[in-house]
Amino acid sequence: MTAGSSKDAVKAALTTQALETPSWAYGNSGTRFKVFARPGVPRTPHEKLDDAARVHAHTGAAPTVALHIPWDRVDDYGALADHAKERGLRLGTINANVFQDDDYRLGSVTNPDPAVRRKAVAHLLECVDIMDATGSKDLKLWFSDGTNYPGQDDLRDRQERLSEALRTVYDRLGDDQRMLIEYKLFEPAFYATDVPDWGTAYAHCLKLGPKAQVVVDTGHHAPGTNIEFIVATLLREGRLGGFDFNSRFYADDDLMVGAADPFQLFRIMYEVVRGGGLAPGTPGAPGVAFMLDQCHNIEAKIPAIIRSVMNVQEATAKALLVDAGALSDAQLRGDVLAANGALMDAYNTDVRPLLAEVREESGLGPDPLRAYERSGWQEQIEKDRVGGVQAGWGA
């Protein structure tokens, strides 16, 4: 699939597009100041999957769910995978958590204390065991490790510790599994973050081997960063493993994808289309994983996730409608305005009728949000999910 394809080809590409929703987005979340609880929020990983199944049922584009360990820890991961399958889902990326224990105050895998490093690596290896049990193919690693003050720790030593830990986990991966390394400019480390940018993540991936790839979280960059350039470069190098889709305005806001800057999302998706990133993966060449990573603090969870899926679908449809021939001709002629116009014509196209056609031809309602409202699911879970402890940050 290339940009500027026919309407039928665009519809076919949209029909096969798959997004992964994060289990934690169905729970309560918030800022450092307050977590607002809502009625009907899941209490268990199984109930999270029940909600995720509603998103997939109304969008037809969200067949996998990412888990976060230990937030989604269960006694029987095979049974959890069966629960997902019964609801038309699969368990996707396994996300490790080495940032919430008190032991990680000075870092996890880069901590100066060898005992803390061993604890962190043991958790990462546990996550690979969980991948084996669930059939998951991707292990996603984000490290809050870093320092707050100059001289607090040796920057080179921390990179060596990181490299050693990554190698241990990489060597444990199965032939059909991969490691996705995420980066973040800052927070909670405010002087030096150990994996602050795509270059650092990419360097570690190159050293590790082909099963290590980079994750681009769209909220993890400095203001003004050209994220689509990063996407284009990583695709060109064959090292773009996936996305964490969200939207930012100030920092790592984790707002709904496309909410603050839908034009940026379009530009990113154009580079994905241009670089062949929509192609489905194969056992020997896994494709790009498109995952949402959002916190729905003040809005209803399931409708917000449905809206996010729709936002990505709309940006993808517009990217597919770019007239690649006209754009290339204008670029080669040096016609700056015509080249920019080719992109803007596609971006300004109202693709909602096209997406409604795609859904109706797939046996879905044309408007997923309205379909969810009519389903009665929200009223039912608010009635049934009384008692117990709601999933969430607990702050």
Do the side chains of K140 and D244 get close enough for a salt bridge, i.e. N-O under 4.0 angstrom?
yes
Cation over ring face, K301 and Y26, 6.0 Å, 45°:
no
Within 6.0 Å of CZ in F190, more than 12 heavy atoms from elsewhere:
yes
Roughly how far apart are L234 CG and R236 CZ, rounded to 0.5 Å?
11.5 Å
Residues forming a salt bridge (charged side-chain N to carboxylate O under 4.0 Å, His left out) with E160, sequence neighbours excluded
none
Side chains of W142 and N95 only: does a donor on one sit below 3.5 Å from an acceptor on the other?
no
Using the six-membered ring wherever Trp is involved, compare the ring planes of F245 and F290 and label them parallel, tilted or perpendicular (cut-offs 30° and 60°).
parallel
Give a yes or no on this: more than 12 heavy atoms of other residues, nucleotides or ligands lie within 6.0 Å of atom CZ of F249.
no
Please say whether more than 12 non-hydrogen atoms of neighbouring residues, nucleotides or ligands are located less than 6.0 Å from CG in L206.
yes
Against the six-membered ring of F36, is R38 placed for a cation-pi contact (under 6.0 Å from the centre, within 45° of the normal)?
no
For R352, does the CZ atom sit with more than 12 other heavy atoms under 6.0 Å from it, leaving out its own atoms?
no
Grouping I, L, V, M, F, W and Y whenever their side-chain heavy atoms are under 4.5 Å apart, do L139 and Y77 come out in a common cluster?
yes
Neighbour count above 12 (heavy atom, 6.0 Å) for E237 CD:
yes
E228 and R274 ion-paired at < 4.0 Å:
no
Just checking, K207 and Y170: is the charged tip under 6.0 Å from the six-membered ring centre and within 45° of the axis?
no
R105 atom CZ: more than 12 heavy-atom contacts under 6.0 Å
no
Y202 vs W198 aromatic rings, parallel, tilted or perpendicular, using cut-offs 30° and 60°?
tilted
Set of side chain to side chain donor-acceptor pair (under 3.5 Å) partners for D197, sequence neighbours left out:
T200
